There are 2 protein chains.
Amino acid sequence: MGRGKIEIKRIENSSNRQVTYSKRKNGILKKAKEISVLCDAQVSLIIFGVSGKMHEYISPYTTLIDVLDRYQRASGKTLWDAKHENLSNEIDRLKKENDSMQIELRHLKGEDITSLNYKELMALEDALENGLSGVREKKMEVHRMFKRNVRGSRFFHWKDFGGAK
Amino acid sequence: MGRGKIEIKRIENSSNRQVTYSKRKNGILKKAKEISVLCDAQVSLIIFGVSGKMHEYISPYTTLIDVLDRYQRASGKTLWDAKHENLSNEIDRLKKENDSMQIELRHLKGEDITSLNYKELMALEDALENGLSGVREKKMEVHRMFKRNVRGSRFFHWKDFGGAK
DNA sequence: TGGGCTATGTATAAAAG
DNA sequence: TCTTTTATACATAGCCC
């Protein structure tokens, strides 16, 4: 429609795409309102543009939840349970990740190392020595900076040293 | 449109309403497809007619659940019940816990310590020294055990030393 | 209920501001 | 980039089958 016919495939020019999106979004929202008023239809329309901004229309006197409940009954698909399962899986994954980090942290702090064998202890020792040398190096660097920058210099800030003032 | 303009209010004649519903339903479904193809939009359209029959359109490469997830994030409204909200909260909590452990682990390994101040570096050094002394003590203990228990003793197992055999 | 058929109103692509 | 304009394509109300 309009000045020229276009074929229905992705609009490559992104500013054209944006303009078309904006216009058609308004158009389809209007159509959604019209059909629900004219024909007593229950409509739920949710649109995300490429920018991520959302637009929605839900028929009057109803809610998205109502529509989704009907959707589940009409389609036989379960939205809640599927969602529930996804969340549970995510939680399991996070908990496992958490546990292993927890253990690693404890080991690095010298806790709960009774069950470790000699090889593992050596690897742990290496990791700690590495960390320690990194930290000491950084400490010395900060210390050198402290000495170079007397208090009052505009490059000196107590907060860099953890001081209160 | 068509042979005469109509105003946007409920069509009282039920057979006209039904015909108009059927036509406009097809129209809006087509529009939904078009905008998602033309503009890369993510669209979810669910329609119930008076008869109760459902029609839907979801953009390709996505699912209603994905759209609803985005809807919740974008609108701040929660669709799933309290149970799901609890699960979501749990996920948030675990993610935060995860993040802070991640950071702590990195620090203990001497990574990402540029932003730490002197006080924090000292605390880190202490923690590392503690861990190291714990690990070394344990190592020596294992070593003493190794010397006491010659190979072949029924109390000796190579696995305790990380050996392959 | 569903599919043609137009005449007509709308939506909108492209251009212009 | 956004709005406005305009010519054109599209959607559809009313009608018939």
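Letters A, B, ... are given to chains in the order of the sequence lines, protein chains preceding strands, and every chain is numbered from 1. Bear in mind that the values here come from a model prediction, so they are computed numbers and not experimental data. Below, each value reflects all heavy atoms present in this structure, side chains not excepted, and no hydrogens, waters or symmetry copies.
- Separating the CZ atom of A:Arg17 from the C1' atom of C:dA13 is a distance of 16 Å, rounded to the nearest angstrom.
- For residues 72-86 of chain A, the pairs satisfying salt bridge (Lys or Arg N to Asp or Glu O under 4.0 Å) are A:Lys77-B:Glu56, A:Lys83-B:Asp69, with sequence neighbours left out.
- Every pair passing salt bridge (Lys or Arg N to Asp or Glu O under 4.0 Å) that includes a residue from residues 122-143 of chain B is listed here, sequence neighbours excluded: A:Glu125-B:Arg136, A:Glu125-B:Lys139, A:Glu129-B:Arg136, A:Arg136-B:Glu125, A:Arg136-B:Glu129, A:Lys139-B:Glu125, B:Lys138-B:Glu141.
- We find that CD of B:Glu7 is positioned 15 Å from C1' of C:dG9, with the value rounded to whole Å.
- Across the helix from C:dG2-D:dC17 to C:dG17-D:dC2, the helix axis at one end is tilted relative to the axis at the other end by 30° (nearest 10 degrees, each axis from five pairs).
- Across all strands shown, A:Gln18 has no heavy atoms under 4.0 Å from either base or sugar-phosphate atoms.
- Other members of the hydrophobic cluster containing B:Ile11, listed by chain and number, are A:Val37, A:Leu38, B:Ile6, B:Ile8; membership follows side-chain contacts under 4.5 Å among ILVMFWY residues, whether direct or relayed.
- The interatomic distance linking A:Asn13 (CG) with C:dA15 (P) rounds to 12 Å, in whole Å.
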Going by atom type alone, with no hydrogens or angles, which donor-acceptor pairs under 3.5 Å involve a side-chain atom of residues 98-106 of chain B and a protein atom two or more places apart or on another chain?
unit_1	atom_1	unit_2	atom_2	d
B:Ser100	OG	B:Glu97	O	3.1
B:Glu104	OE2	A:Lys109	NZ	2.6
B:Arg106	NH1	B:Glu111	OE1	2.9

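- Atom-to-atom, CD1 of A:Ile11 to P of C:dT12 comes out at 11 Å; the value is rounded to the nearest Å.
- Atoms CD1 (B:Ile8) and C1' (D:dA11) sit 13 Å apart, rounded to a whole Å.
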Walk along nucleotides 12-17 of chain D from 5' to 3' and tag each nucleotide B, S or - by protein heavy-atom contact under 4.0 Å, base first, then sugar-phosphate.
BBB---
With a 3.5 Å cut-off and sequence neighbours excluded, list the donor-acceptor pairs that the side chains of residues 41-54 of chain B form with protein atoms.
unit_1	atom_1	unit_2	atom_2	d
B:Gln42	OE1	B:Arg70	NH1	2.6
B:Gln42	NE2	B:Thr62	OG1	2.6
B:Ser51	OG	B:Lys53	N	3.3

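- For residues 59-88 of chain A, the ring pair (Phe, Tyr, Trp, His ring centres under 6.0 Å) pairs, not counting sequence neighbours, are A:Trp80-B:Trp80, A:His84-B:His84.
- Remark: A:Arg10 engages A:Glu12 in a salt bridge, criterion side-chain N to carboxylate O under 4.0 Å.
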Please report, to 0.1 Å, the donor-acceptor pairs under 3.5 Å made by any side chain of residues 26-36 of chain A, with sequence neighbours excluded.
unit_1	atom_1	unit_2	atom_2	d
A:Asn26	ND2	A:Ser22	O	3.3
A:Glu34	OE1	B:Arg24	NH1	2.8
A:Ser36	OG	A:Ala32	O	3.2
A:Ser36	OG	A:Lys33	O	3.0
A:Ser36	OG	A:Tyr57	OH	2.8

